[in-house]
Amino acid sequence: MKNYLSILKLEYRRIIFDMLSITIIFVGTAFYSFYYPFPYENDIVRKMPVAIVDLDKSDLSSTVVTMLNNTESLKVMQYPSMEEAKKAVYLRDVFGIIYIPDEFYKQVAKGESPTVSVFADGSYFILYSTAITAATQIVLMTAAGVKIQKMSMLGVPITDALLLQSAVNVTSKPVFNPRAGYVGFVAPAIYAIIVQQILLMVILLVHAAGYERGYGYPENTSTFTILCAKITVYMTIFAAVFSFFFTIGPMVFGIQLHNSLLEAVMFAIPYGLSIALFGITLSVFARDRDAVLLVMLMTSIPFVMLAGFIWPHWMMPDWIKYFSYLIPSTPGVAGFLYIRQMGASITDIMPKYINLWIQVAVYTVTAVMAIRWQQKQKQFLI
């Protein structure tokens, strides 16, 4: 017990007096929790400027233009020709073009289906989706009104005309993401990966500093004691960083979280343990602090891709999918998305929960081997 407390104190002291590790823990946590979601805080597009080229100049086309301009998502700017509208797109004065052809009203009145072309900026997928959705809804609604009016003039009862025009009413409701925004879906997943990267970086930086400076643990200290002390310290850091990311961040940006905190804590325990043990295992390769920073930077994007929320697992080659199960963030990200956003319980995500505990068991063995190897190599002698 005495050795455990002395090792624990020594490990805490190494982290506290390592300026880079402290900066990553505190500044990195605060910075990334607010920096990443901030650009997407207003990810619901409002009053996006779009060009309207109305060649029909009829009452119906004017109604379409007025209704488009009255939507919350679009701000209409009329142009006399496609050439003028294209120039506006190139100058970024507008982010889309809605083209109403000549004889638009006549075709609708005849019961034909005129083509209204919508050209949207595909380089911004949120803007593209906004322009397409708003234009489609307004044009279809206006055209339907004309057809209903025509059927009514021919003697068809208005109720029957409504049924003929729209036999099925579709109501859409975004589930698990009430704002239907980008940040509500991506931020919790990215948070889980950032927690992993921060903890791994601290573990590897502290070890690299010990290797470079030649300090470590007493030679007669047992491997189990060193491992337990390390796990205690790293889980403390994990608890602090995790709590900040999954409480303060969602509160600030209005990210809706479901289910009880107990479910999240139950899932976080094996997630934190697997990251800590994974880091201790990798510490045998950490001999240069600059290399650690470079490697962690290079692995961030691959870990995001392997997590499965951008690149679905069913689309991955089998060898990549199986390899991803070795990374704590793969089951961790999916589990937290299910628990905190979809209201799932631990039993609902049992395969991912088991995956994390298997990682804990495997990485416990490899972490013990790593510490013993370091002791034999006399890397950690005071």
Side-chain angles (χ1 to χ4, degrees), residues 3-4 6-18 20-22 24-25 28 193 195-238 241 270-300 302-303 306 322-332 355-382:
N3 282 344
Y4 169 77
S6 63
I7 297 298
L8 190 68
K9 181 180 178 181
L10 181 62
E11 194 70 26
Y12 274 123
R13 188 166 58 189
R14 287 176 179 171
I15 294 175
I16 292 172
F17 288 100
D18 187 292
L20 183 55
S21 296
I22 287 295
I24 290 171
I25 293 171
I193 294 176
V195 170
Q196 171 185 271
Q197 296 301 89
I198 286 177
L199 188 56
L200 287 177
M201 203 176 301
V202 170
I203 294 171
L204 298 179
L205 284 173
V206 170
H207 179 88
Y211 182 84
E212 290 176 350
R213 299 166 189 172
Y215 58 67
Y217 307 105
E219 188 174 11
N220 59 352
T221 306
S222 70
T223 302
F224 180 75
T225 301
I226 296 175
L227 180 63
C228 289
K230 282 178 171 286
I231 291 298
T232 303
V233 173
Y234 299 149
M235 285 301 289
T236 303
I237 297 172
F238 172 82
V241 174
Y271 184 53
L273 286 172
S274 62
I275 296 172
L277 292 164
F278 184 51
I280 295 171
T281 300
L282 296 178
S283 67
V284 296
F285 305 106
R287 301 190 177 190
D288 181 86
R289 288 161 68 84
D290 294 334
V292 167
L293 294 174
L294 181 61
V295 169
M296 294 308 299
L297 178 64
M298 293 173 59
T299 56
S300 295
F303 286 167
L306 292 175
Y322 296 140
F323 174 77
S324 71
Y325 296 149
L326 301 175
I327 312 299
S329 57
T330 298
N355 187 180
L356 284 176
W357 280 115
I358 291 175
Q359 288 185 8
V360 170
V362 172
Y363 290 139
T364 296
V365 176
T366 57
V368 169
M369 294 171 62
I371 293 174
R372 285 181 177 174
W373 184 84
Q374 292 161 359
Q375 288 176 306
K376 289 180 180 179
Q377 297 296 315
K378 299 188 182 297
Q379 289 185 19
F380 282 158
L381 299 181
I382 293 178

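No hydrogens, no waters, no symmetry mates; every other heavy atom, side chains included, goes into these values.
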Enquirer: Tell me the closest heavy-atom pair linking M235 and G272, and the distance in Å.
Expert: SD-C, 3.4 Å

Enquirer: Ignoring hydrogens, what is the shortest heavy-atom contact between Y363 and L277? Give both atom names and the distance.
Expert: CB-CB, 3.6 Å

Enquirer: Report yes if some heavy atom in the side chain of M369 is under 4.5 Å from a heavy atom in the side chain of T281; otherwise report no.
Expert: no

Enquirer: For V241 and I25, which heavy atoms make the closest approach, and how far apart are they?
Expert: CG2-CG2, 4.3 Å

Enquirer: Carefully, step by step, assess V206 and E11 under the rule side chain to side chain contact (heavy atoms under 4.5 Å, CB included).
Expert: CA-CA 9 Å; V206 170; E11 194 70 26; 3.9 Å; yes

Enquirer: To the nearest 0.5 Å, tell me how far L200 CG sits from F278 CZ.
Expert: 6.5 Å

Enquirer: For the side-chain contact (heavy atoms from CB on, under 4.5 Å) test, which of N355, L356, L306 pairs with T330?
Expert: L306

Enquirer: OG1/T236 to CD1/I15 distance, rounded to the nearest 0.5 angstrom?
Expert: 9.0 Å

Enquirer: To the nearest 0.5 Å, what is the distance between CG (L273) and OH (Y234)?
Expert: 13.5 Å

Enquirer: Any side-chain heavy-atom pair from D18 and R289 closer than 4.5 angstrom?
Expert: yes

Enquirer: Hey, does I7 have a side-chain heavy atom less than 4.5 Å from the side chain of Y4?
Expert: no

Enquirer: Rounded to the nearest 0.5 Å, how far apart are CZ of F303 and CE of M296?
Expert: 6.5 Å

Enquirer: Which value, rounded to the nearest 0.5 Å, describes the distance between T225 atom OG1 and L8 atom CG?
Expert: 11.5 Å

Enquirer: For Y325 and I358, what are the C-alpha separation, side-chain angles and deciding distance, and is it a side chain to side chain contact (heavy atoms under 4.5 Å, CB included)?
Expert: CA-CA 10 Å; Y325 296 149; I358 291 175; over 6 Å; no

Enquirer: Angle between ring planes, Y271 versus F238, binned at 30° and 60°: parallel, tilted or perpendicular?
Expert: perpendicular

Enquirer: Can you name the closest pair of heavy atoms from V284 and A370 and give their distance?
Expert: CG1-CB, 3.4 Å

Enquirer: To the nearest 0.5 Å, what is the distance between CD1 on I275 and CD1 on I203?
Expert: 8.5 Å

Enquirer: Could you report the tightest heavy-atom contact between K230 and I280, atom names first, then the distance?
Expert: CB-CD1, 3.9 Å

Enquirer: Taking all non-hydrogen atoms of both residues, which atom of Q359 and which atom of I327 are closest, and how far apart?
Expert: NE2-O, 3.3 Å

